[in-house]
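The sequence lines fix the lettering, A, B, ..., with proteins before strands; numbering per chain opens at 1.
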Amino acid sequence: MQDHIRIRDLPARAGESVTVRGWVMTTRFSGKIGFVVLRDGTGYLQMVISKSEAGQALWETVRQLTQETSVAASGSIRADARSPAGVELALADLQVIGPSADFPITPKEHGTSFLFEHRHLWLRSRRQVAILKVRHEVEQAIRDYYHREGFYLVDSPILTAAQGEAGGMFETEYFDLGKAYLAQTGQLYVEAAAAALGKVYCFGPTFRAEKSKTRRHLTEFWMCEPEVAWYDSNDNMRLQEDFVSYVVGRTLERRREELKELERDTSTLERVTPPFHRISYNDAVAKLKALGGNIEWGQDLGGDEETQLASQFDKPVFVFNYPKEVKAFYMKRNPDDPRTVLNNDCLAPEGYGEIIGGSQREDDYDILLSRIREEKLPEEAYGWYLDLRRYGTFVHSGFGLGLERTVGWICGTPHIREVIAFPRMMHRLWP
RNA sequence: UCCCGAGUAGCUCAGCUGGUAGAGCAGGCGGCUGUUAACCGCCGGGUCGGGGGUUCGAGUCCCUCCUCGGGAGCCA
């Protein structure tokens, strides 16, 4: 396919005359010489203009360029050690396509509030471009991994009927059927699909109406949820560590430049290879107590405890077999200790917390039904889910990986809201 | 919902025990032939988040409301 010349391809074109299209990031003038940095999404190009060599008209045009003006610029590509990219364009002609006056985001300090109000424009900055590219790589790596491993992609519904605690769910009117809710998870649906296809995953947006205000929460986020027939909890953890290692490795391999732009120390990412550390909930509580924590057996791990625990390890750690009281009804009870279930969380290092929550699923009809009743969930809403145990039940396991938490960890961002193009949070629905 | 913190120039902030508004950057003009958030000189720029109160006098103290940030809970 014929395409415009991209900045990315210019180093190979030294000596040629080219025309590139893009947006002006900065201009600098030093008397009779000027520099314009152009961005086109593939890279950054320093363009040079000399007053003595350019005509008066071109000099004036370039002199008056403002931040984010879109232009078509022509000139010859030449190697120069003084240029950041090693090559630069000697301007011979420049057409302004779209002027840009008073661009709000100057190359200076801004607060997060201001930046998120201008998110649609902030996306053009170097850091945001780098983050978007890493996110793209992670998403593509996820799809490639599951495709390679023989999984089928099954898209789960986003509009769902009530399935119990509708608290924490966004609701909307749904014709004559009453209320519909935006999905919090696709898991129940991929369990059904696993009985049809064996190895499946869904990957899409999910919604939580919780009034969360932390660096790890969004009201709309993306989640990848694999579900595998005949995998038990140990198989599940092996899949997780292989999967996460692939995604991290792939990003290191293909997005070095972006991670460098983000000033990410990649040494901790280099260590992300199987096997991950494993610690039971029982041992985790003992360890936290030994470290001075005041956690008691039976309590869920809080954010601080997760961070403290993860800091004991040099790569991701699985915490497995939690008390059933703090976990969901569908998790399979542990035959060796009925107080606990066969689940695991995966905690990322460096304080990024829980990037995965997974479990073996309860496959016994009667036990699942009794768990639904214990939790006082509406039985009728789970009829179809119970059917999966009535018609050829099967051992199966799966997990959910939070995309933004994973990308935030890989990028080293202080808050996950920065790794999604248009974050949705309690106080942000715009732009 | 709870606990902290913050709202002052376009942006980021300073402004002491109350005395009548300041800096850097951005913008405008001028200078500079190798800049990397360039640099140097000059210039314009404000309902101090809203409302109420105390006071001779409030950006500053008190009350209240609004907005935003961080954390908790919930979880990915």
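Atom CD in A/Glu68 sits roughly 15 Å away from atom C1' in B/rA37 (whole-Å rounding). Look at CE on A/Met169: it is 13 Å from P on B/rA76, rounded to the nearest Å. With rounding to whole Å, A/Glu109 atom CD is found 16 Å from B/rA9 atom P. The distance between atom CE of A/Met25 and atom P of B/rA37, rounded to the nearest whole Å, is 11 Å. Atom-to-atom, CZ of A/Phe243 to C1' of B/rA76 comes out at 12 Å; the value is rounded to the nearest Å.
With sequence neighbours left out, the salt bridge (Lys or Arg N to Asp or Glu O under 4.0 Å) criterion links A/Arg333 to A/Glu362.
Within residues 70-79 of chain A, the residues having any heavy atom under 4.0 Å from RNA chain B are, by residue number, A/Arg78. For the segment residues 26-44 of chain A, residues with any heavy atom less than 4.0 angstrom from an atom of RNA chain B are, sorted by number, A/Arg28, A/Phe29, A/Ser30, A/Gly31, A/Lys32, A/Ile33, A/Phe35.
Here, B/rU12 and B/rG51 have their P atoms 23 Å apart, quoted to the whole Å. For the C1' atoms, the distance linking B/rA58 with B/rA21 amounts to 13 Å, nearest Å. Distance check on atom P: B/rC66 versus B/rU20 gives 34 Å, rounded to whole Å. Rounded to whole Å, the separation between the C1' atoms of B/rU8 and B/rG24 comes to 15 Å. On the C1' atoms, B/rU60 is 28 Å away from B/rG44, given to the nearest whole Å.
Between A/Tyr189 and A/Trp384, the distance from one ring center to the other falls under 6.0 angstrom. Remark: aromatic rings of A/Phe207 and A/Tyr181 are distant, center separation not under 6.0 Å. In summary, the aromatic rings of A/Phe318 and A/Phe399 are positioned with their centroids too far apart to meet the 6.0 Å limit.
Between the side chains of A/Ser50 and A/Ser52, a donor-acceptor pair is found at a separation under 3.5 Å.
Using a 4.0 Å cut-off between charged nitrogen and carboxylate oxygen, A/Arg371 and A/Glu375 count as a salt-bridge pair. Salt bridge present: A/Glu241 and A/Arg278 bring a charged side-chain N and a carboxylate O closer than 4.0 Å. A salt bridge links A/Glu270 to A/Arg256: one of the charged nitrogens lies within less than 4.0 Å of a carboxylate oxygen. In summary, A/Arg21 and A/Asp40 do not engage in a salt bridge, as defined by a charged side-chain N under 4.0 Å from a carboxylate O. Using a 4.0 Å cut-off between charged nitrogen and carboxylate oxygen, A/Arg264 and A/Glu350 count as a salt-bridge pair. Ion pairing of A/Arg417 with A/Glu404 is absent here, as no side-chain N (NZ or NE/NH1/NH2) approaches a carboxylate O to less than 4.0 Å.
The aromatic rings of A/Phe243 and A/Tyr145 sit tilted, their planes meeting at an angle between 30° and 60°. Ring geometry for A/His277 against A/Phe313 counts as tilted: the plane angle lies between 30° and 60°, on a 0 to 90° scale.
Counting non-hydrogen atoms under 4.0 angstrom, A/Thr406 reaches nothing in the nucleic acid. A/Ile356 comes within contact range of the sugar-phosphate backbone alone, with a heavy-atom separation under 4.0 Å but no base atom that close. Using a 4.0 Å heavy-atom criterion, one finds that A/Glu404 contacts no nucleic acid atom at all. No contact: A/Gln67 has no heavy atom under 4.0 Å from any strand. Heavy atoms of A/Phe221 sit under 4.0 angstrom from at least one base atom.
For A/Arg63 and A/Phe29, the positive end sits near the middle of the six-membered ring, less than 6.0 Å away and at most 45° from its axis. Judged by the 6.0 Å and 45° rule, A/Arg428 forms no cation-pi pair with A/Phe116.
Comparing A/Leu218 and A/Arg82 by the nucleotide of RNA chain B that holds the closest heavy atom to each, the one mapping nearer the 5' end is A/Arg82.
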Walk along nucleotides 67-74 of chain B from 5' to 3' and tag each nucleotide B, S or - by protein heavy-atom contact under 4.0 Å, base first, then sugar-phosphate. -SBBBBBB
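Residue A/Glu263 places its CD atom among 12 or fewer non-hydrogen atoms of other residues, nucleotides or ligands, all under 6.0 Å distant.
Between A/Glu261 and A/Ala130, the closest heavy-atom pair is CG-CB, 3.9 Å.
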Could I get a table of every N or O pair under 3.5 Å where one atom is in the protein and the other is in nucleotides 25-30 of chain B?
none

In dot-bracket form, 5' to 3', how is RNA chain B paired? Count Watson-Crick and G-U wobble pairs only if both distances fall under 3.5 Å, and write | where the partner sits on another strand. (((((((..((((.....[..)))).(((((.......))))).....(((((..]....))))))))))))....
